[in-house]
Amino acid sequence: MSSSKKVRVRFAPSPTGGLHLGGVRTVLYNYLFAKLHGGEFVLRIEDTDQKRFVEGAEDYIFQCLGWCGLQPDESPRHPGAYGPYRQSERKHLYFQYAQKLIDDGYAYYAFDTPDELEEMRKRFKTSSNPTPQYDQVTRMQMRNSHSLSPEKVTELLGVGTPYVVRLKMPQNTTISMVDMVRGEVSFETDLVDDKVLLKADGMPTYHLAVVVDDYLMKITHAFRGEEWLPSAPVHLLLWKYLGWEKEMPQWAHLPLILKPDGHGKLSKRDGERLGFPVFAMDWTDPNTGEKTIGFKERGFLPEAFINFLALLGWNDGTEQEIFSLDELIAHFSMDRVHKGGARFDFEKAKWFNHQYLLQKDNESLAKMIQPFIANNGFSANQEYLVKVVGLIKERCHLLSDFWAQGHFFFRSPENIDIDAISEKWNETKQSFFSTWSESLANISTWDHQNIEQVFTRQMTESGLKKGDVLLPLRIMLVGGKYGPGVFEIIEMIGREQTQQRVSTALIKLKA
RNA sequence: GCCGCGUUGGUCAAGGGGUUAAGACGCCUCCCUUUCACGGAGGAAUCACGGGUUCGAAUCCCGUACGUGGUACCA
């Protein structure tokens, strides 16, 4: 490890939409690594593709990082000494490096239009080579500063012909590197194409930008998704050609997060299909108006979300699964990151959240569920909510579950599972409930112990057993076979609500 | 197609020549609770396949299969 240099890592998203869970995990690993080594975590915005710019996406990224508690040390909003932090604002920096590569013979001008490229791919396409590349075999048949005479090139440049700059891949060379998670990996240059470095609009592609920026920003460790591994040789070559080989960061290509079922990388469509979030927070596409739900709004605690993500592809070798952020920092190491992709498991994610929910005190939980109750059109004071939380939290996995598990604390149940009691219903029960309900008016001390005592006495007098009446009572009150103790519910919802719900049910049962 | 990377129960995974192959989620059974959940006790379930190397392979090597990623003037 480069011991002398201060550790600097970066997360470099392109602001094109919601922040994917895999992106958050990449941020997390960057963050953990940086903090563990007393380094700096920088956020750089990769907005070199102006066609894909999405309004609000950058702001959204900041919000997500804020919610997760993974604040960058340097970013467009808190610039350090290496700004600007948006590639679009760094546009002027890249040309000189492209020029240097051309001057040194490592890159060249290419004048081919998009149509010509398409034509080439069509022309060389065979069944054994379905996607022909712009490479050493096709290079000389295209219009570029290798195939054209110097005079022609000068002329084309002179009249302002649009051009791109391409990297000239060397022949018959093996390029290898040591990846922090995979060990040594190698590539044959003959199989890599001449990547575009500078686009016709003067913007760099990712390939040039990532190298130039990582160099200029003194990045020491570069972590990214495994999908980048195939283009690693391009980047390796660039570091070398630009003469910065000794400054090159150490790479780590992180395993992908895969769909829970079927094939491929997890996408937001899977979330919609299977009913779970994929983005960190709600994201509304400003162009289509399409809204995608986030972990936050679905009821996750950020600590749980982070903890779950950390363990998806990494573990510290012990049996510990619950880690605070500080513990994660202390225990994290890149060489314990898995090589293989991990399937996303929403059930496990919910389990983590449940663990964190249980750790929270009722006061703070009550505050947190406030918006979820409000979403359903109800509200309650903090004191009441604290009690509700205390009664139902162990049966909630997500903050949003508090409504499903406790809606009856706020209103009469919309539906009553009458079938569950009607079969064994009889006149004795009917009259017992009727008189008991009325007698509620006489209870002086309104607490669940007392209510239960009275209930039990009357029940016995009527010749009934708990098994006969407890379930019916529960269903009258909450609507179904779930929830905390019935007498605690009665204490909470009060005399009138109880009487009302019982009488409503009694009418239905009689009919 | 080609190239890269990968492969331990359904899922996350420990284990890196000799283990009864951990643990967690989920699932099932039982206990607790006359609901559900929590909690407790159990259970089913795994080294992709084929060849080597070795006294001995989940562990090392080779091949195959499968998965996954890439193959853009997108990142």
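Proteins get letters first, then strands, A, B, ... in listed order; numbering begins at 1 in each.
Heavy atoms of A/G225 sit nowhere under 4.0 angstrom from any nucleic acid atom. Within 4.0 Å (heavy atoms only), A/A342 reaches sugar-phosphate atoms of the nucleic acid but no base atom. Looking at heavy-atom distances under 4.0 Å, A/G313 makes contact with sugar-phosphate atoms alone, never a base. When heavy atoms are screened at a 4.0 angstrom cut-off, A/G340 is found touching the sugar-phosphate backbone but no base atom. Note on A/T131: a base of the nucleic acid sits closer than 4.0 angstrom, heavy atoms only. Contacts of A/R343 with the nucleic acid, taken as non-hydrogen atoms under 4.0 Å apart, involve only primed sugar atoms and P, OP1 or OP2. Residue contacts shown for A/P162 are absent, as no nucleic acid heavy atom lies under 4.0 Å away. Among the protein residues, A/V185 comes within range of the sugar-phosphate backbone only, with heavy atoms under 4.0 Å from sugar or phosphate atoms but none that close to a base. Within the nucleic acid shown, A/D112 comes within 4.0 Å of at least one base atom, counting heavy atoms only. Residue contacts shown for A/K350 are absent, as no nucleic acid heavy atom lies under 4.0 Å away. At a threshold of 4.0 angstrom between heavy atoms, the contacts of A/E226 include nucleobase atoms, whether or not backbone atoms are also involved.
Contact annotation: A/N315 reaches the phosphate of B/A14 (side-chain N/O to OP1 or OP2, under 4.0 Å). Contact between the side-chain N/O atoms of A/R166 and the OP1/OP2 oxygens of B/C73 is found at a separation under 4.0 Å. Phosphate proximity of B/A75 to A/T48: present, with a side-chain N or O under 4.0 Å from OP1 or OP2. At B/G70, one or more side-chain N or O atoms of A/K265 fall inside 4.0 Å of OP1 or OP2 (strictly under the cut-off). The side chain of A/H253 places no N or O atom within less than 4.0 Å of a non-bridging phosphate oxygen (OP1 or OP2) of B/C5. Using a 4.0 Å cut-off, no side-chain N or O of A/H207 falls inside it from OP1 or OP2 of B/C73. In this model, the phosphate group of B/C74 is approached by a side-chain N or O of A/K199 to a distance below 4.0 Å at OP1 or OP2. The phosphate of B/G15 (OP1 or OP2) has a side-chain N or O of A/R336 nearer than 4.0 angstrom. Here A/K393 does not reach the OP1 or OP2 of B/C38: none of its side-chain N or O atoms lies under 4.0 Å away.
If you take atom C1' in B/A13 and the same atom in B/G69, they sit 22 Å apart, rounded to whole Å. Rounded to whole Å, the separation between the C1' atoms of B/U11 and B/A72 comes to 35 Å. Here the separation of B/G42 from B/C25, taken at their P atoms, is 15 Å to the nearest Å. Distance noted for atom C1' between B/U19 and B/A14: 12 Å (whole Å). Nucleotides B/A44 and B/G6 are separated by 34 Å at their P atoms, to the nearest Å. For B/A45 and B/U8, the C1' atoms lie 13 Å apart once the distance is rounded to whole Å. A gap of 15 Å separates the C1' atoms of B/A57 and B/C62, to the nearest Å. Between the P atoms of B/A37 and B/C30, the separation comes to 13 Å (whole Å).
Judged by distance alone, with hydrogens and angles left aside, A/K195 brings no side-chain donor or acceptor close enough to the base of B/A72 to form a pair under 3.5 Å.
Between A/F433 and A/W425, the ring-plane angle classifies as parallel under the 30° and 60° cut-offs. Ring geometry for A/F295 versus A/F344: interplanar angle over 60°, hence perpendicular rather than tilted (30 to 60°).
When each of A/R139, A/Q133, A/K168 is paired with A/D194, the side-chain hydrogen bond (donor to acceptor under 3.5 Å, both in side chains) condition holds for A/R139 and for no other.
For the residue pair A/T113/A/D115, the side-chain donor-acceptor check at 3.5 Å is not satisfied. One side chain, A/H253 or A/R224, offers a donor N or O that lies under 3.5 Å from an acceptor on the other. In this structure, a donor-acceptor pair under 3.5 Å is absent between the side chains of A/Q453 and A/R457.
Each of B/C25, B/C74, B/G67 was ranked by its minimum atom distance to the side chain of A/T205; first place goes to B/C74. Among B/G69, B/U34, B/C2, the nucleotide with an atom closest to any side-chain atom of A/K466 is B/U34. Comparing B/G15, B/G70, B/C74 by their nearest atom to the side chain of A/R52 picks out B/C74. For A/D345, whose side chain is taken as the heavy atoms from C-beta onward, the closest listed nucleotide among B/G70, B/C25, B/C38 is B/C25. Here the side chain of A/E319 is nearest to one of B/G23, B/G70, B/C38, namely B/G23.
Nucleotide B/C38: unpaired (no Watson-Crick or G-U wobble partner with both distances less than 3.5 Å). Across all strands shown, B/G63 pairs with B/C49; the Watson-Crick or G-U wobble distances both stay below 3.5 Å. Of the nucleotides present, none pairs with B/U33 by Watson-Crick or G-U wobble criteria with both distances under 3.5 Å. Across all strands shown, nothing is found opposite B/U20 as a Watson-Crick or G-U wobble partner with both distances under 3.5 Å. In this structure B/G4 sits in a base pair with B/U68, meeting the Watson-Crick or G-U test at under 3.5 Å.
Rounding to whole angstrom units, CG of residue A/L191 and P of B/G69 are separated by 20 Å. Spacing between atom CH2 of A/W403 and atom P of B/C36 amounts to 23 Å, rounded to whole angstrom units. Spacing between atom CD1 of A/I257 and atom P of B/G6 amounts to 18 Å, rounded to whole angstrom units.
Both tests hold for A/R166 against A/Y134: distance to the six-membered ring centre under 6.0 Å, angle to the ring axis within 45°.
For A/W283 and A/Y60, the distance between ring centers is under 6.0 angstrom.
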Given A/L357 and A/K393, is the side-chain contact (heavy atoms from CB on, under 4.5 Å) satisfied, shown in steps?
-> CA-CA 7 Å; A/L357 234 40; A/K393 71 172 175 182; 5.7 Å; no
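Toward the 5′ end of RNA chain B lies the nearest nucleotide of A/S127, the other residue of the pair A/Y206 and A/S127 mapping further downstream. Between A/G467 and A/F187, it is A/F187 whose nearest contact on RNA chain B lies nearer the 5' terminus.
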